[in-house]
Amino acid sequence: MSGPVMLKSITISGKAPGPKLLILGGIHGDEFESMWTIRRLKEALDPDELRGTVTLVPVVNEAAYWRGERTAEDGLDLARTCPGKEDGTITERVAFAVTALIREADYLIDLHSGGLICRFYPTVGYMLHPDADVLECQRKMARAFNMPIVWGTYAGHDGRTLSIARDARIPAIYSEWMGAGDCDPEGVDGYYEGCLNVMGVLGMIERAQPPSRIRHTVEDDREGAGHIQLNYPSPFSGFFEPWVELMDRVEPGDVFGVVTDLLGERREEIVSTQSGHVLVLRTFNRVHEGETLAAVLEV
Ligand SMILES: [Zn+2]
């Protein structure tokens, strides 16, 4: 198959004028909370009470979804492939289609999770945008989204939905909620409430903001920050035995766990070089060399 990809989307137009909000789920095919959340939003949003337009895409990466994996059969990470190509591989064409949708929007929310292989403590993030107005708007959206961790990171990475939004000066946030192959109902509730909260602060619906449950707000402009795939790579292919849990406090020298070969003859400890909390932890024990085992939120 080739040719343009048509994303399955739902647009709800309010009776009153207002901004255009785009909410994306399933950029990765194994991140399920996002997909369920977006269908709930479709049921809940009432055009009579809405100012502006909401476009909902529950499953952007449908080819990956049907495989039950993070990526489609070409193995490309959609979140590293934007703006894609009109006539490329399946992931490149999906990237091209989602890029066009983002460029039409005024605001973007991109919902993720840890997928099949890891858990990611509930987090809302944004790029530390060079434009002060865009950055301040992203901070406001992220606070309203109301996850325990609010994380602003380096704005220079390309290929992501947020990179397309950055270049078009569209305020954008993303979120993460656990993973390990689950679809956590608490995550669906959290994402649903978070999206409505953001619509509230953008003036698209009437909504009283709930009490904040933010525990840590971290802004980290270093280039590696926010690029989870660069953290603590497995030194060889084998089995990861985790010794810590999400949000455990670690200091330099603390051990996240051990990678062992199948007979347990070769063993290598994975040692923290940072001080902070375990934000991401590998849960799928079989690892290949170079795959990420953990990430730390430095506080
Ligand atoms: Zn994802």
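When a ligand or atom number is given, it counts from 1 through the structure's own listing order. Heads up: numbering here begins at 1 and tracks the sequence.
There is no path of hydrophobic side-chain contacts, each under 4.5 Å, that joins Ile117 to Leu78.
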For side-chain contact (heavy atoms from CB on, under 4.5 Å), just list the numbers for Phe240 and Ile270, CA-CA rounded to whole Å, side-chain angles, deciding distance to a tenth of an Å, and then say yes or no. CA-CA 9 Å; Phe240 178 52; Ile270 308 304; 4.3 Å; yes
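Atoms CD1 and OG1, from Ile23 and Thr37 in turn, are 9.5 Å apart once rounded to the nearest 0.5 Å.
The Zn ion (ligand 1) does not have Glu176 among its coordinating residues (no N/O/S atom, backbone or side chain, under 2.8 Å).
As for His112, its N/O/S atom nearest the Zn ion (ligand 1) is the one called ND1. Counting just the N/O/S atoms of His28, the one with the shortest distance to the Zn ion (ligand 1) is named ND1.
Using a 4.0 Å cut-off between a side-chain N of Lys or Arg and a carboxylate O of Asp or Glu, Asp131 and Arg169 qualify as a salt bridge.
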